[in-house]
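Computed from heavy atoms alone, side chains included, the values below leave out hydrogens, waters and symmetry copies. Just so it is clear: chains get the letters A, B, ... in the order the sequence lines come, proteins before strands, and each one is counted from 1.
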2 protein chains.
Amino acid sequence: MSFHSYLSSIITVSDELQEAFYKLTHTKEVKKGQLLVLAGERCNDIYFVESGLLRGYYYQEEKEITHWFAREDEFATCFYSFITHVPSAEFIEAIEPCELVQLPYANLQKLYASFPETERIGRLLTEAYYVKLEGRFLGLQFTTAKERYDDLMTHHPQLLQRAPLGQIASYLGITQETLSRIRAKQ
Amino acid sequence: MSFHSYLSSIITVSDELQEAFYKLTHTKEVKKGQLLVLAGERCNDIYFVESGLLRGYYYQEEKEITHWFAREDEFATCFYSFITHVPSAEFIEAIEPCELVQLPYANLQKLYASFPETERIGRLLTEAYYVKLEGRFLGLQFTTAKERYDDLMTHHPQLLQRAPLGQIASYLGITQETLSRIRAKQ
DNA sequence: CCCTGATTTTGATCTACATCAAAAATCAAG
DNA sequence: CTTGATTTTTGATGTAGATCAAAATCAGGG
């Protein structure tokens with residue numbers, strides 16, 4: 001979906017707002033495997049995924065841990081770096097070729113100032129990051145690996161066809177072997 | 001520490017800014033055991049803890065899970081509710097009698113608009129919530145209960161004297177029995 | 001097609017922590 | 001103090017998922 005259609009489904013996009021978006025964002029295409037953000041760099045942009053699949057990951061004792069996935073119609077950024085202007089701890093990688101809309105921090109602030117309805121974007125972003133993180137934090141404590149896997153599959157059924165098992169396993173907080181076994185029994 | 005001294009240690013507080021804070025915040029005293037925010041209510045305020053100890057908790061299948069503690073010189077709020085204006089999923093309770101400074105959401109926005117340096121408050125808040133949550137999320141996956149306990153004790157050594165074991169255990173994501181055993185062996 | 005490296009599966013074993021249950025210690029109020 | 005309630009400790013047992021290792025499958029370039 002285009003960013004514009006997505007926005008229209010969320011808020012009323014007046015002609016002036018559409019104009020402002022046109023000026024304040026720009027599109028970006030990335031190839032499979034390309035890195036959008038490197039750990040150690042500041043992440044000053046939000047990306048809206050028009051098509052494709054991104055993931056955020058970091059290293060934990062040599063091992064790559066996938067922190068999130070962002071598919072079409074979702075926002076992606078290094079949340080903490082974006083909010084605090086501190087260098088990112090994570091990498092953003094395109095798992096698939098992507099069409100993205102890039103919205104710099106400063107431009108988002110301009111939008112907030114002129115079009116209060118755009119604050120919903122900030123909320124969706126917070127929701128995408130904080131709330132999901134909280135949900136996963138709880139999940140880690142209170143649900144089994146199988147439950148977490150089933151939940152992921154109901155919310156994102158095609159993920160298994162789009163991302164390698166190891167990335168999904170680390171996202172779920174388990175080893176690849178365990179995820180493989182979970183899948184084996186129906 | 002007073003909110004004012006704390007702020008002075010973080011940002012330069014001009015006379016006008018001090019004046020603005022005076023108008024836009026107010027102090028609040030709560031007794032031990034008192035609830036500041038109820039689950040189901042919106043949380044529209046940030047609290048700065050001048051003295052005392054607060055905790056946020058929610059229910060997970062009948063069980064009370066402590067989500068965070070906020071001691072003196074820390075900010076506290078129901079982060080998600082505060083940011084998104086959605087009803088809170090958690091309760092805030094005073095574990096000790098507290099002196100608080102209450103800053104409503106709308107007033108924080110006014111401060112941001114007039115005194116850009118106050119945006120640091122928002123960052124500290126995000127840090128207090130998002131980053132800590134992220135750290136705990138990682139901890140849950142990659143460290144043992146003992147390591148998490150030791151880490152908490154180095155950062156908050158008196159907590160054990162100030163909050164009951166069960167609350168600390170649920171904060172660490174373990175049972176009270178396990179925490180008791182961890183403490184037993186030196 | 002075949003080969004090579006990456007990804008996924010299968011197997012055997014080990015361990016941190018949960019659960020259930022009861023005893024012990026601490027607290028708070030008459 | 002005494003007593004009942006709450007909090008903490010101790011004990012016995014069970015299990016989800018980790019780890020290590022090897023086999024099997026898959027994918028894409030020559």
Side-chain angles (χ1 to χ4, degrees), chain A residues 31-35 53 55 57 59-66 69 93-97 136-153 156-186, chain B residues 31-34 53 55 57 59-66 69 93-97 136-153 157-186:
Chain A
K31 292 181 207 146
K32 176 172 173 161
Q34 200 175 321
L35 294 174
L53 184 61
R55 70 168 181 134
Y57 69 94
Y59 285 93
Q60 178 74 25
E61 290 163 13
E62 315 280 284
K63 282 187 190 165
E64 217 178 87
I65 308 293
T66 295
F69 295 100
E93 180 198 15
I95 303 184
E96 296 174 358
R136 291 173 63 205
F137 180 72
L138 300 185
L140 223 45
Q141 281 186 74
F142 303 113
T143 66
T144 62
K146 168 130 186 39
E147 287 171 320
R148 277 175 269 149
Y149 170 73
D150 289 343
D151 187 62
L152 181 62
M153 285 304 104
H156 203 158
Q158 353 75 312
L159 186 60
L160 215 47
Q161 281 77 258
R162 299 174 69 180
L165 201 70
Q167 291 178 12
I168 298 173
S170 73
Y171 175 79
L172 290 171
I174 55 179
T175 60
Q176 179 163 300
E177 293 94 321
T178 298
L179 180 51
S180 176
R181 279 183 247 269
I182 285 170
R183 290 207 308 156
K185 30 186 116 130
Q186 52 109 351
Chain B
K31 292 181 207 147
K32 178 172 173 161
Q34 200 175 321
L53 183 63
R55 70 167 181 135
Y57 69 94
Y59 285 92
Q60 178 74 24
E61 291 163 11
E62 315 280 283
K63 283 186 188 165
E64 216 178 87
I65 309 292
T66 295
F69 295 100
E93 179 199 16
I95 303 183
E96 295 174 356
R136 291 173 63 204
F137 180 70
L138 300 185
L140 224 44
Q141 280 186 75
F142 303 113
T143 65
T144 62
K146 168 131 185 40
E147 287 170 320
R148 276 175 270 149
Y149 171 73
D150 289 344
D151 188 62
L152 181 63
M153 285 304 104
Q158 352 76 311
L159 186 60
L160 214 49
Q161 281 79 257
R162 300 174 69 180
L165 201 70
Q167 291 178 11
I168 298 173
S170 73
Y171 175 79
L172 290 170
I174 56 179
T175 60
Q176 178 162 302
E177 293 94 322
T178 297
L179 181 51
S180 176
R181 279 182 247 267
I182 286 171
R183 289 207 307 157
K185 30 185 114 133
Q186 49 109 350

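In this structure, the CD atom of Q141(B) is 18 Å from the P atom of dA16(C), given to the nearest Å. Regarding E177(A), its CD atom lies at a distance of 15 Å from the C1' atom of dA6(C), rounded to whole Å. Atom CG in L160(B) sits about 8 Å away from atom P in dT9(D), given to the nearest Å. Atom CG in L179(A) sits roughly 14 Å away from atom C1' in dT10(C) (whole-Å rounding). Taking atom CD of residue Q161(A) and atom P of nucleotide dT7(C), one finds them 17 Å apart after rounding to whole Å. Spacing between atom CD of Q167(B) and atom P of dT7(D) amounts to 9 Å, rounded to whole angstrom units. Distance K185(A) NZ to dG11(C) P: 12 Å, rounded to the nearest Å. The separation between Q176(A) atom CD and dA6(C) atom P is 14 Å, rounded to whole Å.
Contact annotation: R183(B) side-chain N/O to dT8(D) OP1/OP2 distance is not under 4.0 Å.
Of the candidates dC17(C), dT8(D), dA12(C), the closest approach to any side-chain atom of L165(B) belongs to dT8(D). Nearest to the side chain of T178(A), among dT10(C), dG17(D), dC20(C), sits dG17(D). In the set dT19(C), dA18(D), dC17(C), the nucleotide with an atom closest to the side chain of A145(B) is dC17(C). Which of dA18(C), dT19(C), dT8(D) sits closest to the side chain of K63(B) comes down to dT19(C). Which of dT19(D), dA18(D), dT19(C) sits closest to the side chain of I174(A) comes down to dA18(D). Counting only heavy atoms from C-beta on, R148(A) has its side chain closest to dG17(D) among dT8(D), dG17(D), dA18(C). Side-chain proximity of P164(A) to the nucleotides dG11(C), dT9(D), dT8(C) is greatest for dT8(C). Of all nucleotides listed (dA18(D), dT8(D), dT19(C)), dT19(C) comes nearest to the side chain of T175(B).
Taking all atoms of both residues into account, the shortest heavy-atom contact from Y149(A) to R183(A) is OH-CD, 3.2 Å. Between I182(B) and A145(B), the shortest heavy-atom contact is CD1-CB, 3.6 Å.
If you check distances only, the side chain of R181(A) does reach the base of dT19(D) with a donor-acceptor pair under 3.5 Å.
Of the listed residues (R162(B), R55(B), K31(B)), just one forms a side chain to side chain donor-acceptor pair (under 3.5 Å) with E96(B), and that residue is R162(B).
In this structure the side chain of T143(B) never reaches within 4.5 angstrom of the side chain of L138(B), judged on heavy atoms.
Counting any heavy atom pair closer than 4.0 Å across all strands shown, S180(B) reaches a base atom.
In this structure, H156(A) and F69(A) have perpendicular ring planes: the angle between them is above 60°, well past the 30° mark.
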